[in-house]
Amino acid sequence: MGEEVFRGNHIYMVMENKKVAAILDRVADYLEMDGADFRTRAYRRAAHTVDFLPQPIEEVRKEGGLEKLPGVGKAIALKIKEILDTGSLQYLEDLEKQYPVDFEGLLLVEGVGPKTIKLLYQELGVKNLADLEKEAKSGHIQHLRGMGIKSEKRILKNLEFAKKSTGRRLLGDIMPLALELKEKIGSLPEVEIVEIAGSIRRKKETIGDIDVLAVTSDPQKVMDYFVNMDLVGGIISRGPSRSTIRLKDGLEVDLRVFRKKEYGSALVYFTGSWELNVELRKMAIGRGLKLNEYGIFRGEEQLAGETEEEVFRALGLSYIEPELRENQGEIEAALTGELPKLVETSDIKGDLHIHTQWSDGRSSILEMALAAQKLGYQYLAITDHAHGLPVAGGLDETALMEQIREIDRVNDELEGIRVLKGVELNIRADGTLDIDTVVLEELDIVLAAIHSGVPFLPGTLTKIIQDTVENEHVDILAHPSGRKLKKRPAYDIDLEKVFETAADTGTIMEVDGQPNRLDLSDENIRTALKYGCKLSLDTDAHHPQDLQHMELAVFTARRGWAEARDVVNTLPLNKLLKTLK
DNA sequence: GCCGTTTTCGGCCCGACTGTTTTCAGTCG
């Protein structure tokens with residue numbers, strides 16, 4: 001399963017689940033063009049199920065479990081089988097022939113949806129963004145049914161953004177901006193409460209837009225301020241309770257205003273996820289209630305709404321942390337009181353993956369240690385690259401021994417924090433590690449990782465990683481999947497096998513908090529925990545400021561249902577050292 | 001197309017905003 005794609009020296013697995021989900025989603029797009037409301041929804045739901053499946057869809061199929069998946073019935077199960085067998089879906093190809101349009105591109109244009117795409121294609125033959133631009137500029141669109149001059153102008157304007165759209169942004173890049181917006185809006189005296197909702201609050205690894213909620217006595221004034229902020233590039237819509245702007249850098253921001261007694265239900269609703277909202281509303285209906293962003297109602301009477309807690313309680317649920325709200329089992333856990341007590345940033349006692357000037361970092365050992373001390377840590381591990389990674393100016397055995405002595409000196413200088421001696425080994429194509437074991441025995445902690453540019457033979461990686469995990473000197477497998485967000489997918493590794501081995505040997509799986517890594521991913525973390533693996537939440541810092549990325553590692557771990565007891569660097573120093581043996 | 005402590009048939013989450021409409025469709029979240 002999984003077709004192999006060669007790119008440079010790397011072999012990537014095209015993930016079947018994502019592919020199947022994308023095809024089902026595209027079918028939904030086409031169905032939506034024809035206004036097939038509920039069939040559209042059915043395909044979307046099935047696509048979502050497959051997308052979030054914790055195991056390969058092929059496996060489910062082999063076990064005969066396709067039709068047991070939520071949202072998958074006879075018809076869609078058959079289509080999934082066809083996709084797995086042939087790599088494509090005849091049904092979709094027929095639809096594509098009927099409407100040969102660049103759906104993905106056209107949908108990027110704000111305000112253009114499936115119905116408009118159909119209209120544009122049938123009336124004007126618009127197939128892609130270039131066609132759309134041509135027809136809009138020549139004034140043909142304004143004469144279409146349901147269109148007008150304003151629609152045409154809007155399309156032209158939004159086309160510019162669509163053309164340079166970079167898609168979703170990284171959580172780590174967006175967070176500072178979101179917090180700045182929150183602060184600006186919160187600084188108005190009329191604003192009683194302001195909060196960032198949406199996928200940022202759920203800490204998803206990539207973000208499509210920013211959702212802001214505010215409670216205020218003067219909505220008019222707040223909206224005025226919002227659409228006129230200096231960051232604003234354009235106003236998409238504006239109303240008394242909701243406005244949408246586009247920032248100068250292209251990102252969309254929504255502001256919605258509520259009354260205090262609605263705030264909790266509004267926050268639940270606009271935090272999402274969409275899938276969770278659907279479930280919550282169904283639960284409300286099942287209890288003879290109605291749930292919307294204004295509260296939980298029996299008839300006209302609002303039973304709950306001011307806080308999230310009371311909204312959940314009214315549905316018989318305990319409070320669900322935003323990071324868990326993906327309709328991935330958290331409702332069931334909330335019903336039975338089995339939600340995890342998620343790890344928090346304040347639980348973290350140290351950082352176990354840090355680089356310095358000795359390899360490709362920017363700062364000295366002492367500078368990193370002082371920065372770590374400021375964060376209240378008890379320890380940090382210096383883990384510079386070993387020499388097998390020439391691009392990073394890695395250390396050989398001699399240099400590493402020298403660094404060990406330097407760390408001793410730094411430790412003598414410091415009080416209240418301990419610098420651990422470590423290294424980040426590079427795993428070679430033949431599976432060997434790039435530092436002699438005699439030297440490894442001098443270290444407190446050993447990380448091993450795959451790095452780009454190593455020409456592994458197809459199909460060998462899983463075994464090599466398993467061997468690495470079994471190596472008695474290796475404590476932590478760093479950024480295990482090797483993915484880089486928006487850049488490259490994970491390496492062709494069967495992580496479940498790796499987790500199984502790691503749980504056996506006690507080797508720790510890293511959650512790397514670099515904004516474009518977040519590796520392991522939330523889904524991977526949940527799987528690793530099921531196998532009984534321990535985690536280390538690290539920053540892979542190359543600069544003192546990078547130590548702040550611990551938050552991203554924690555967010556990701558929380559999305560993976562991790563508790564403090566699953567994470568080794570929540571341990572105090574002495575216990576950590578025992579764990580590392 | 002899916003699904004069932006109302007149901008194997010008849011439901012399927014729901015509201016704001018815009019632009020085009022004389023009462024609503026499309027889009028978005």
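Protein chains get the first letters and strands the later ones, always in sequence-line order, with residue 1 at the start of each.
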From the options [options], select the nucleotide whose nearest atom is closest to the side chain of [X].
| X | options | value |
| --- | --- | --- |
| A:Ser237 | B:dT27, B:dG29, B:dT18 | B:dT18 |
| A:Thr116 | B:dG15, B:dG1, B:dT27 | B:dT27 |
| A:Lys115 | B:dG1, B:dC14, B:dG26 | B:dG26 |

Exercise. If you find the nucleotide of DNA chain B closest to A:Val112 and the one closest to A:Leu31, which residue's nucleotide is nearer the 5' end?
Worked result: A:Leu31
For this session: Tell me which of A:Asp211 and A:Arg281 sits closer to the 5' end of DNA chain B, going by the nucleotide each one is nearest to.
Result: A:Arg281
Exercise. Does NZ or CZ of A:Lys127 lie under 6.0 Å from the centre of the six-membered ring of A:Tyr121, at an angle within 45° of the ring axis?
Worked result: no
Pick the [atom1] atom in [N] and in [M], then give their distance to the nearest Å.
| N | M | atom1 | value |
| --- | --- | --- | --- |
| B:dC3 | B:dC13 | P | 13 Å |
| B:dT7 | B:dC2 | C1' | 13 Å |
| B:dT21 | B:dC17 | C1' | 15 Å |
| B:dT8 | B:dG1 | C1' | 14 Å |
| B:dT27 | B:dT20 | P | 14 Å |
| B:dG10 | B:dA16 | C1' | 29 Å |

For a quick test of reading the model: is some side-chain N or O of [X] closer than 4.0 Å to OP1 or OP2 of [N]?
| X | N | answer |
| --- | --- | --- |
| A:Ser241 | B:dC17 | yes |
| A:Ser151 | B:dT20 | yes |
| A:Arg242 | B:dA16 | no |
| A:Thr244 | B:dC28 | no |
| A:Lys68 | B:dC3 | no |
| A:Asn292 | B:dG15 | yes |

Separation of [X] atom [atom1] from [N] atom [atom2], in whole Å?
| X | N | atom1 | atom2 | value |
| --- | --- | --- | --- | --- |
| A:Leu66 | B:dG1 | CG | P | 16 Å |
| A:Arg256 | B:dC17 | CZ | C1' | 10 Å |
| A:Phe297 | B:dC14 | CZ | P | 13 Å |
| A:Lys74 | B:dT8 | NZ | P | 17 Å |
| A:Met223 | B:dC17 | CE | P | 8 Å |
| A:Asp25 | B:dG1 | CG | C1' | 15 Å |
| A:Ile235 | B:dA16 | CD1 | C1' | 17 Å |
| A:Lys150 | B:dC17 | NZ | C1' | 12 Å |

For this session: Identify whether the distance between the nearest side-chain nitrogen and carboxylate oxygen of A:Glu133 and A:Lys137 falls below 4.0 Å.
Result: yes
For this session: Before accepting this row, confirm whether a basic side-chain N of the pair A:Glu190/A:Lys221 lies closer than 4.0 Å to the acidic partner's carboxylate O.
Result: yes
Report which part of the nucleic acid [X] touches: base, sugar-phosphate, or nothing (heavy-atom distance under 4.0 Å, all strands).
| X | result |
| --- | --- |
| A:Leu78 | nothing |
| A:Ile117 | nothing |
| A:Arg145 | nothing |

Problem set entry | Identified pairing partner of B:dT8, criterion: Watson-Crick or G-U wobble below 3.5 Å | none
For this session: Check each of A:Arg26, A:Arg44, A:Arg41 against A:Glu32 using the salt bridge (Lys or Arg N to Asp or Glu O under 4.0 Å) test, and report the only one that passes.
Result: A:Arg44
Exercise. For the base of B:dG29, is there a side-chain donor-acceptor partner from A:Tyr269 under 3.5 Å away?
Worked result: yes
Exercise. Do you know which of A:Thr116, A:Leu120, A:Val101 makes side chain to side chain contact (heavy atoms under 4.5 Å, CB included) with A:Val126?
Worked result: A:Leu120
Problem set entry | Nearest-0.5 Å distance, NZ of residue A:Lys153 to CG of residue A:Asn158 | 14.0 Å
For this session: Rounded to the nearest 0.5 Å, what's the gap from CD1 on A:Ile207 to CG on A:Leu171? Could you check?
Result: 5.0 Å
